[in-house]
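Working notes, structure below.
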Amino acid sequence: MKILKLPKNKLDFFASVVQQFGEVHAPVEQNGQFAFQPVRRWSEVRLDYNRTILPPKKYFLPPRETLLQYAGDAGYVPVMEGLDKKIVLFGVHACDVYGLNLLDLVFAGAYRDPYYQARRRNAAIIGIECTPDEHCFCRSMRADFVEQGFDLFLFDIGDYYFTLVGTALGDDMVLATGPLFEPVSHQDVEEYKRRSARKREAFRLHVEIRDLPEIFEMEYSSDIWQGLGERCLSCGSCSMVCPTCYCYEVADEVQLGSREGPRARTWDSCLFATHALVAGGENFRKTRPSRVKFRFYHKQRGFVAEYGRPGCVGCGRCIVACPVKIDVVEVLNQLRSVQNVASR
Amino acid sequence: MSTTITVEHLARIEGHAGITVELEGKAVRSVRFEVFEGARLLEGLLRGRSYQDVSQIISRICAICSAAHSLTSLKATEDAFGVEASPQTHLLRDLLYRGESIESHALHLFCLAVPDYLNYPSVVALAADHPDAAKLGLRLKKLGNTIQEVVGGRAVHPVNCIVGGFGALPAEDQLIALRRDLQQGMADCQTAIEILATLPPADFCHTPTVFAALQPPADYGYYHGNRIEMLPEGKANGGVTFAAADYRSLTNEKAVPHSHAKHSLFQGRPFMVGSLARVTANREKLSDRAKKAIEKLALTLPSDNPMDNNKAQAVELVFDVEYALATVERLLNEGLKPERPAPVRPRAGTGTGVTEAPRGLLVHSYTYDDAGRIVSADVITPTAMNAASIEHHFRCAAEQAAADSHQALKKKLEMIARAYDPCVSCSVHLLRVKS
Amino acid sequence: MLPAADVPTYQALFTANPYLPQMARIVRVYKMVKDNHLFTMRFTDSELAQTFQCKPGQFAMVSVPGAGEAPISISSSPSRRGVLEFCVRRVGRVTDALYRLRTNDLVGIRGPYGNGFPVERILGQDLLLVAGGLGMAPLRSLLWYALDNREKFNKVILMYGAKTPADMLFREELVSLVDRVDATCLLTVDADPTGTWKGHIALLPAMFDHVQIDPANTHAAVCGPPVVYKFVLKRLLQLGFSKDRILMSLERRMKCGVGKCGHCSVGYKYTCLHGPIFTYWDAINLPEMV
Amino acid sequence: MTGCAGDQLVMLNCEDQLLDVVAALDIRDFLMASSGNDEECPLDVALVEGAVLTRRDEEKLNRVRERAKLLVAVGTCAVWGGVAAMDGGRDGDRARLLAETYGPTGAAYDSTPARALHEVVKVDFNISGCPIEKEQFISALSHLLNGNAPLFPQYPVCTECKMRENNCLLIEKGEVCCGPLTVAGCNARCPALNIACVGCRGPADDANTTSALAMFGEKGIPRDDIVRKLRTFAPMEGPGV
Ligand SMILES: Cc1cc2nc3c(=O)[nH]c(=O)nc-3n(C[C@H](O)[C@H](O)[C@H](O)COP(=O)(O)OP(=O)(O)OC[C@H]3O[C@@H](n4cnc5c(N)ncnc54)[C@H](O)[C@@H]3O)c2cc1C
Ligand code: SF4
Ligand code: SF4
Ligand code: SF4
C-alpha cells in the first residue's frame, strides 16, 4: 500500500483540492453534537469529533428515498436521478468505514441494490483516525482499524497526517495536490506505531466477541431480555443511528386525484411492533423483550452466520442515543456474566 | 303577528354559531347571536400547569388566531415574571403576528366574505368563474402561512415561540425565499384592492359605533403596546385610554343563557373591536400605500357601517405585506444574532398581555405561584367582546331592512356576522365571573 | 455481476434492478373459496411470459400500483409455461386492492424468489404432501410439478384437509385426481354441512391411516395453520421421518423479497433467501421459526 | 364537533392543492368553507373534526355516522379527545369549572365531558395531529380516493427526529420530551426547532408509558408533572382504532 504524509497545516488546501472530486461533506458541530454536512467553510469542520449523530449510511441508504415511480398502465419505472452525484466524505472514522463495508455486503449479493451501489460508486471516502471516548468499543468489535473501504486514510502523527492510499481514486487525489504529500520516514513510522499503541490503551470499554454467537444461543431464554424489553421504549433511535441497521419499509404513495405516484422506502426498525406483524394479526415478535432480543441477536449472532462477523462495529451510537440507557456493552457483558472484559 | 328568522348554523365562519331574530310585525322584538360551540374550559384546565406549557395549550383555543393567543400568552407570562425578551425576539414576534394577520384576512376576505358580495356559496364556486381572484386570495393566504411557518415553525399553533424567545431562529435561505414571496405579495395586494374596490356596496346597516383598539407605541401593528383606547360613538379620536392591566374596566361581562359566549359591554354600551376599530383609531400610523387603499375602497372613517370591517381588513393586508417585507429586508441586512431565549425566573404574581388579534383586542391574564404554576387564568377574546355589538348591529339591520323578504334579511344578517369575522371557538373562552 | 450468457432474459430484467416489477395482465379471476381467489396472470411482454421459469415453492412479489406489494407463492407448476397462477387470500391492503381488479387489469410482478422445494433431493423418491386449509396454495405447484414429471418421482401422495368442502382450495381439480392410479389423493373435511361430500370426513392426521409410507425414502412437504404443524409433525416423527426430510413453507412479513429489507428474518436466516422452504431441522434450530 | 377548527384550517391551508382537492372530490357539506351545504345526503367519506363536548355534538355525530360509508376522525381532538380532554377533562370538576367560568347560567349549558369520536361511534380511520399535517391529509385523501386505506407511520416521533439528525433534547438537555411516546408524522417538527415535543399528535401505537415515567422520574421530575404533561392531548394509553 502506498503510504505518504500530509503536512497538517496544509489540510485546508488539500480539502480545497479534493473538491474537484465531488461535493465535500465532513463532520461539523451542531449544538454540541456532530453531523456530516456539506462543507461551506473549512473552518467549520471538526475532525476532532467523537461521533456523528447519524453514520455515513445516510448518504447511501437515505432515511427516505423514492425507488420507483408508477403511472397507470405504464407500470413502474426506476427513479435513478441524482444517484450519480459525486461526493467526498472527509473524516470518516474507521468504525464507520467498517460499517459501510458491512452494508456493502448486505446490498450486494445475487440481488444488488442499484441505488445503494450507485451512490457508493460515486462517493470517495477519506478516513481519519480518532480517539476513543467512554462509549467507543470498536476495538473489541475489531473495527478500530480498516484495511479497505477508503480511498485515503489519515493518521495524526503530530505535524503530519500519515496517509494510507487505499484506491486509485485516492492516488488521483494525492496527485491532484501536486507536491503536497511527502514520503514517510522511519521516524514517522515509529511515531505511528507509538500512537497506535497508545490508542489501543485508550479504550475504556471491552467486550469479548469470540464464541459470542454460541453464548447468544445459550442465553436465548435468559431473564435479561425481559428486563430490557420492559425498559425499551420502542423509540427506534438505536436503529436509526446504527451504521449497520438497514431494515426498511416500502410503500406506494399516490398523487392526489391520480393513479400515479412514487414507491418509496423508509428506514424501519425491528424494535417496532409492526416489524414482524403479518396479515391476520399474527406477530412473530409480539412482545417488546422478543424484539430487543432480536436486535442484539441479529447483530451479534445473525451477522456472524451470514457474513462471518458481527453486525456491530462498536461505534457506541446506540448507547448514546437510547433514552433509557440500554447499553450494548453492558448487555453483552451481562450475557457473559463478566464485567468489562478485554478482548485482545 | 310575530315571526322568527333563524340561521341555524352559520356557514363560512370559524366555529358553531347561529342567528335568531324575532319580529313582531315590523318591530324587532329580540336578536340573538347564539354560540353552541361546546365549552372546553381550557382556562380551568390550565390551573397547576407550568408556565412552559401555557402558551402551547392556550393557543388551542383557536386555530385562526393561534399565533395571537400564543404571543399574548407569552406577553402575559413575561409580564408576570418580568422577563425581558430581546429586541430581535420582539421583531420576529411582530413579523409572526403580521403573518397571521395576512393569512387570516386573506382567508376571510377571499374565502369567507367575498363570495357573499358576488352571490357564491363558497370560494370554490367563486373559483369556477373567477379563477384568478381565487388564486390570488389563496396566494396571499399562503404568504401569511409561510411567514408563520418560517418564524413560528408551523402555520397553525406555532411551536417555536417560548417564554423569553424562540426555540430556533429562521435560516437565512428561508428569509431569502420569504422576501421573494413578499415581493410577489406586494403586487398581489395591489390587485386585491382593485378587485375588492369593484365589489357591490353592502349598505344596509348604519349606526354610530363605539370602537376599541390597542394603541401601538410606534408603528401600526398588533403585537406591541399595552394601552387600550376607547373611541366615543361616531368619533375617530378623543377617546379614553387605560392600561392593559386594567382590562376589566373594558368589560363588564355577563353570561347570557342563549350563548356560550359572554357579552362585553363598555359603560353599558356594546363596542366593536377588529380591523375597523384599529384603522379608525390608528389611521395616521398607516403607510401611504395603505392610505391609498383606504381611498380606493372609498372607506370613510369613522364608519357607521360594520360591513366596512371587510374594507379595513383589506387595508391592513396591504400594510402588513409592506411592513413584513421591510422587516425581512432588515433582518437580512442586519443578519440574525444567534441568541438563546432570555432567562426566566418564575415568581408569584399576575401578568397581563394584550394584543390585537386579527379580529380585535385579545387579553390574557395569568396569576402564577412562585414555582411558575398557573393559579388562575383569564382570557378575553375579540369575538366575545364583539358579541354584544354583533347583536346590536343585527338589530339595526333588521330594523333598517324591515321591508325586506325574510330571505333577504337572513342574508344580510349572515353578512354582518361574517363581516365581524367571528371566531367562535375563541368566544367561548372568557374570563371568570367576578364573585 | 453480469448475467451469464445462458441466463434467461427475464432474469437479467430482474437483476438489473431487483425492485422493478414487470407488468402482467390478469387473465382470469377464479373465485375458488370466499376471500380466496385464484388469479391467473400473464406478463405483457410475451417473451418474458414464455421464458419465465421458477421452481415449485418459489414466490413472487405482486404489486398493485398505489396499494403496494406482497409476497405470494406461485401456485402454478413450473412445468406449465406462459401464465402464472396465484392463489390469494384477501387479508389487507394489497390483497384488497387486487380483489378490486378485473380481468385485463395490470399488476406488477417480480421474481421468482426464495429457494423453492429441493426437488433434486426428492427425485426418484416418494413425495408426501400434507396440506391444511389454505396451506394448499404453496404445495400446489409442487403437486403439479410432480404429476407433470411423474416418471421422475416414485410414489406421490397428497393429504389435504379443509374445514368443509366449501373451504377446499382447488376442489374440482383435486377431486379429479382422486381416481388417478399413479397418485394417491386423500381429501378430507372436518364437517360436511351440505351432505354432498364424497370424500373423507375426518381430521387431517387420520389420513395417515389410509396409506403406507416409507419414511426412509420419502420427503414430506407440510403446509398449513399452526394446528396442522402441531399434529402432522408429531405424526411424521412417530413414523420415523428424519427431520431434514420434512419440508415446510413459512410466511413472514416481507418488503423486498431479495434479502435487504430485514423484515422476514427468522433467527439468522432470511425467509426470502434461505426460505421460504425450510426443513424441520432448520426450524428447531432457528428461534421463533414456528 | 368542538375544537379550534385547526384541522379545517389546515385543509384550507393546502393552498397549492386546494383547487385539485376540490376537483378530485365532490364536497357536499363543509360548513367552514361553504354555505351551500347538503346536510342530508349520504356520504362516501365524512371527515370529522373536534371532540364531542355537547349533546348537540353527539346527536350530530350520530347523524353523520348514519350518512357516511367511511368516517375519518381528523385531528387529535377527534382521535383522542385533545386538549378539552386534558387530565381526563377533570371530569369530576366539570360542574364547578362551568360555574366558575360562566356563573350560575353555566349550569344550564349543554356541556358533557370531552370524548373522542371513537367513544361515541365507530371510526374507520384516524388522521391525528394538533393540527393535522397537510401532507398526511393530502396523502390520506389520495389513498381513500383510490379505495386504499390511508398509510401512516405508527412509530414514535424519536424515529423521525433521528432521521432528521436533530439533537436529542431529552438526552442532551434532560427536557421532558414526549417524542418517544408520541406518534410520528410531523417529521419531528418541534425538536427540529429545539423545542421538546409536547405530544400533540397523541400516543404511538406501542408507547411504553411505564418505562417512560420511570425514565423521567430518574431525571428528578415529579411524577405528577410528567403525567399531566403526557395527558395534555390524549389519555396516556388509548385504544387504537
Ligand atoms: C413467501 C410467502 C408466500 C406467500 N404466499 C401467499 C399466497 O400464496 N397466498 C396468499 O394469499 N398469501 C401468501 N402470503 C402471505 C401474503 O404475502 C400476505 O397475506 C400479504 O402480504 C398481505 O398483504 P396485504 O397488503 O393484503 O395485507 P396487510 O395486512 O395490509 O399487509 C401490510 C403489509 O404487511 C406485510 N404482510 C402482512 N402479512 C404478511 C404475511 N403473512 N406475509 C408477508 N408479509 C405480510 C405485507 O408486506 C403488506 O404489504 C405469502 C407470504 C410469504 C412470505
Ligand atoms: S449496535 Fe450500536 S454500537 Fe453497534 S454499530 Fe450499531 S449503533 Fe454502533
Ligand atoms: S434506543 Fe433504546 S429505547 Fe429506543 S428502541 Fe432502541 S433500545 Fe429501545
Ligand atoms: S414534535 Fe410533538 S408536539 Fe411537535 S408537532 Fe410533532 S407531535 Fe406535535
Side-chain angles (χ1 to χ4, degrees), chain A residues 29-37 52-55 58 62-64 227-242 249 251-261 264 266-269 271-275 277 286-288 291 317-326, chain D residues 14 16-18 20-25 135 137-148 150-173 177 179-182 184 187 194 204-212 214-216 218-219 240:
Chain A
E29 205 215 290
Q30 175 184 309
N31 292 330
Q33 304 288 316
F34 301 92
F36 274 102
Q37 257 156 42
T52 49
I53 301 175
L54 289 182
K58 70 174 181 181
R64 221 198 97 81
L228 292 172
E230 283 164 13
R231 244 158 82 200
C232 170
L233 302 171
S234 294
C235 75
S237 297
C238 51
S239 305
M240 302 302 116
V241 302
C242 177
E249 268 292 307
D252 280 12
E253 283 147 35
V254 55
Q255 232 166 299
L256 181 70
S258 77
R259 300 204 161 262
E260 299 172 12
T266 324
W267 285 356
D268 195 18
S269 163
L271 274 323
F272 300 152
T274 51
H275 191 265
L277 178 75
K286 216 189 232 80
T287 66
R288 212 177 264 112
R291 299 198 289 274
R317 284 191 180 85
C318 58
I319 307 176
V320 177
C322 179
V324 290
K325 303 201 174 81
I326 292 179
Chain D
C14 302
D16 294 337
Q17 300 95 343
L18 199 59
D20 291 338
V21 171
V22 170
L25 307 180
E135 293 68 26
F137 170 67
I138 296 289
S139 147
L141 265 191
S142 315
H143 278 305
L144 284 174
L145 279 170
N146 285 354
N148 295 319
L151 207 53
F152 296 138
Q154 316 281 303
Y155 47 70
V157 170
C158 282
T159 301
E160 283 182 334
C161 196
K162 286 290 171 304
M163 288 183 188
R164 274 189 90 162
E165 207 166 8
N166 291 331
N167 287 63
C168 180
L169 299 163
L170 189 119
I171 293 169
E172 290 166 36
K173 295 211 201 143
C177 180
L181 301 175
T182 304
N187 204 10
N194 301 319
D205 255 17
D206 193 31
N208 186 350
T209 320
T210 320
S211 170
M215 167 188 73
F216 288 123
E218 273 171 36
K219 293 184 195 291

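All of these numbers come straight from a predicted model, not from anything done at the bench. Just so we're on the same page: letters track the sequence lines, and every chain starts at 1.
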Part of [X] lying under 4.5 Å from any heavy atom of chain D:
| X | result |
| --- | --- |
| A:R291 | side chain |
| A:R64 | neither |
| A:Q255 | backbone |
| A:V254 | both |
| A:T274 | side chain |

Leading residue by heavy atom contact count with chain D [cutoff under 4.5 Å; candidates [options]]:
| options | value |
| --- | --- |
| A:G236, A:A321, A:C322, A:P63 | A:P63 |
| A:R288, A:M240, A:K325 | A:R288 |
| A:S258, A:G257, A:S237 | A:S237 |

From the list D:A24, D:A214, D:A184, D:P156, the residue making the most non-hydrogen contacts under 4.5 Å with chain A is D:P156
Max heavy-atom pairs within cutoff under 4.5 Å with chain A, candidates D:I138, D:D20, D:N146, goes to D:N146
Tell me, side chain or backbone of [X] under 4.5 Å from chain A's heavy atoms, or both, or neither?
| X | answer |
| --- | --- |
| D:V21 | both |
| D:E160 | neither |
| D:Q154 | side chain |
| D:M215 | side chain |
| D:N166 | backbone |

Checklist line | Under 3.5 Å: donor-acceptor pair, side chain of D:N167, backbone of A:Q30 | finding: yes
(request) Taking A:K58 for its side chain and A:F36 for its backbone only, find out whether a donor-acceptor pair lies under 3.5 Å. (result) yes
OG1 of A:T266 to OH of D:Y155, rounded to nearest 0.5 Å, is 5.5 Å
dist A:N31:CG -> D:N194:CG (nearest 0.5 Å) comes out at 5.5 Å
Is the shortest side-chain heavy-atom distance between [X] and [Y] below 4.5 Å?
| X | Y | answer |
| --- | --- | --- |
| D:C168 | D:K162 | yes |
| D:L25 | D:L145 | yes |
| D:T210 | A:E230 | no |
| A:C238 | A:L271 | yes |
| A:S269 | A:H275 | no |

Q: Indicate yes or no: does A:R231 engage D:E218 in a salt bridge with an N to O separation below 4.0 Å.
A: no
